[in-house]
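We count ligands from 1, going down the list as the structure has it; atoms in each ligand are counted the same way.
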Amino acid sequence: MTDISSTDSSNDMFMRDCVPRLHELSNNLWWSWTPKSRHLFEALDQTLWRLTHHNPVKQLQEIKQARLHHLAEDVVFRRRYVEAFKAFDEYLATNEHWFGTNYPMHAKAPIAYFSAEFGLHNSVPIYSGGLGILAGDHLKEASDLGVPLVGVSFMYRQSYFRQVIGLDGWQVAKYENLNQQDLPVQPALTASGTQCRIAVELSHRSVTCVVWKVFVGRTCLYLLDTDVPENTPDDRQLSARLYGGDKPVRLAQEMILGMGGVKALRALGIHPQAWHANEGHAAFLHVERLQEYVQQGMAIPRAIEAIRQNSVFTTHTPVEAGHDFFSHQLIEEYFAGFWKQCGFSKQAFLEFGKHPNDSVEHFHMTALGIYFSSLVNGVSAEHGRVSRRMWQCLWPDLQERDVPIQHVTNGVHVPTWIASEMNHLYSKYLGPDWMSESDNSAMWQRILEVPDHEIWEVRQVLKRKLLNFIRHRIRSGWVSGRLHAEQVLPGGTFLDPYVLTIGFGRRFATYKRANLLFRDLDRLRAILKDRWRPVQFIFAGKAHPADEPGKQLIHEVYRYAQSREMGGRIAFLEDYDMHVAKFLVQGVDVWLNNPRAPFEASGTSGQKAALNGVPNLSVLDGWWKEGYDGSNGWAFPTTSKPLDEQAQDDHDANVLYTVLEEEVIPLYYQCDQDRVPHGWVTIVKNAIRTNAPQFSARRMLKEYVDKFYIPLVRAESQSSDSSEPIESAG
Ligand SMILES: *Cc1c(COP(=O)(O)O)cnc(C)c1O
């Protein structure tokens, strides 16, 4: 790069260099988790930055030439520009990352990671919730650690949906068509230089997909897209919506994701040495690989062995409804001819997806994923245990404790979820390089050295930022006429920065019990409306458009938010997504989670909160069972006695009120003469110190690599008769 930091070099030269490079950066989502590059785009044109909802691809289309010429003369901008691109170029060029250092022999062994959704950034809305955000965090962390991962998913042109709460308090799902040119997405090219194009056989027809590519730091995500002219109008819509269709659409999508995904990687010349199916949606990838082996002349039992040897499957939920299954009839229709072609019987094929406890006989995607994987895991220690019980039926000869399902507890991508103010504080006290050691517990001990008032001050700033964000959104909705006065009030108009603020943001699935707080209204009102020590709650979350009980829950919470009875202390934020989630997990004082145990597999939003100094108040389930140590937040134990749901809810609500009344509220409002609640700050520091390293994506990804990917890659290279020496693990 020419030295363009000095104004001596001509304006034109800067313009020549700058525009293509900014395009390049905007097309690599690395920018989204790197403050220097985020700030660069923000400085480009602050108004546009806001208007495009932080979408630099769109921003660069709309920016005026005059503005660029102006920036070319701005020394401060130029310096920022040079610094941002220095970091970008170094990031892409270096081999000195964790993976390269520990596993130099495998630096070029691709690992394929298939997931129906990826939550990377709001400008690429191909996610619905926790599963997708976990996949996005997995990919970003793989990039940071230098793990040669490639992601496979869908280009959903209508994404999930945007949530609006109507005047009647019911959720309305809005679908918008994404504009291809606004996305950081390019054609994935084959060796011949044309866009990759593959076809998947479905129910006697062939569906064509084109493949797109998204750069995520050093890694890549490939997206399948059926919206091409040669497909029928219905087939063109197959990849339109995430979790949108009925059973046949869902089956078609999953066949395309799994089978089409393998074909796409092959067509692109990518030959993974380990295959990771994230949840059952992706498990048809094994069926495609089976077909490949059979076509190469391998006997079926050997092919199955070969697939297992390098496959890992992650299951994500103990909730039955979260596991996809299809009727045998539908499978027969869609796989017609497939098994004959592969030389096995219908019965043999259906066995792959057999759930021994299902009397009706469906084809189960989780069973399929487990069948073809030598390594299987749940997403927390507790979920591992629950999954061993749930799937013991697949190993009838084994005791529950011997069922080969392990766990890797989820974690969050620290650079994505950290508030910039907290980043600043950590840089000061943990060291400027703290993020590269985010999984190092010893480093985090230094948080105890931060003066109480300083961390308290930052927490207050973040709360004000959240409330400003909320008020700005409602104000602009009201001014534009989109919101009526009746919607303005429950949206958070009355939120008060001096009041203890408790956040609850997640999908409105019934087991998450968003309405638990409202079980005893008298007791709740007393808590909310206490004259000296009031409490306010902020709720946010979408329900799947077909989930009637989930939508009912939103309606119920929204009604409370509208009710005068609640003292204006309940707010409901529309359209929970990654952007809203960032403000919420960073800005509240406490993060509440009260699922019906043991149905929370892990949960990750509470991990994002803890990273930012927001302690959790949570049922002892999922990650919190590992995360809670008595000093870093609050847990409400569920009873050991088996109860029916009503009794369990009564019991848990009672514990929730008691913990609030006796512990959380008094501690928060107990300030010393310096107006700092030192007891509270101690909990804040402990939450950071203990939870941040343990529930970082860095810890998680290293575990996936050491426990799963490397053993699978080694098994693969040994069986493929490789003479590669085996190095010692890091
Ligand atoms: C983190 C996150 C989730 C997952 O939250 P859980 O606590 O796992 O339920 C869902 N949606 C969004 C937008 C998130 O950021």
| said: Under 4.0 Å from a heavy atom of I133: which atoms of ligand 1 are those, numbered in the order shown and with their elements? | reply: 2 (C), 11 (N), 12 (C), 13 (C), 14 (C), 15 (O)

| Top protein contact for atom 4 (C) of ligand 1, by heavy-atom distance | G130 CA, 3.4 Å

| Which one holds for S605 and ligand 1: side chain close, backbone close, both close, or neither close, with close meaning a heavy atom under 4.0 Å? | both

| task | Find out whether R507 and H544 are in side-chain contact, i.e. whether some heavy atom of one side chain is under 4.5 Å from a heavy atom of the other. | result | no

| Where does the angle between the aromatic ring planes of Y628 and W624 fall among parallel (under 30°), tilted (30 to 60°) and perpendicular (over 60°)? | tilted

| query | Are R519 and D652 within salt-bridge range, i.e. N to O under 4.0 Å? | reply | no

| request: For the residue pair I111 and V150, establish whether any side-chain heavy-atom pair is separated by less than 4.5 Å. | output: no

| said: Under a 4.0 angstrom heavy-atom cut-off, which atoms of ligand 1 come close to T604? | reply: 1 (C), 4 (C), 6 (P), 7 (O), 8 (O)

| Any side-chain heavy-atom pair from L221 and I126 closer than 4.5 angstrom? | yes

| Going by heavy atoms, is K512 under 4.0 Å from ligand 1? | yes

| note | So the atoms of ligand 1 within less than 4.0 Å of a heavy atom of K608 turn out to be 1 (C), 2 (C), 3 (C), 14 (C), 15 (O)

| message | Starting from atom 11 (N) of ligand 1, what is the nearest protein heavy atom, named by residue and atom, and what distance separates them? | response | Y576 CE2, 3.5 Å

| request: Show which atoms of ligand 1 fall inside a sub-4.0 Å distance from at least one heavy-atom site of D577. | output: 13 (C)

| field | Residue pair N410 / S380, side-chain heavy-atom distance below 4.5 Å | value | no

| Closest non-hydrogen atom pair, Y426 against L611 | OH-O, 2.7 Å

| said: Using a 4.0 Å heavy-atom cut-off, which part of W417 comes near ligand 1: side chain, backbone, both, or neither? | reply: side chain

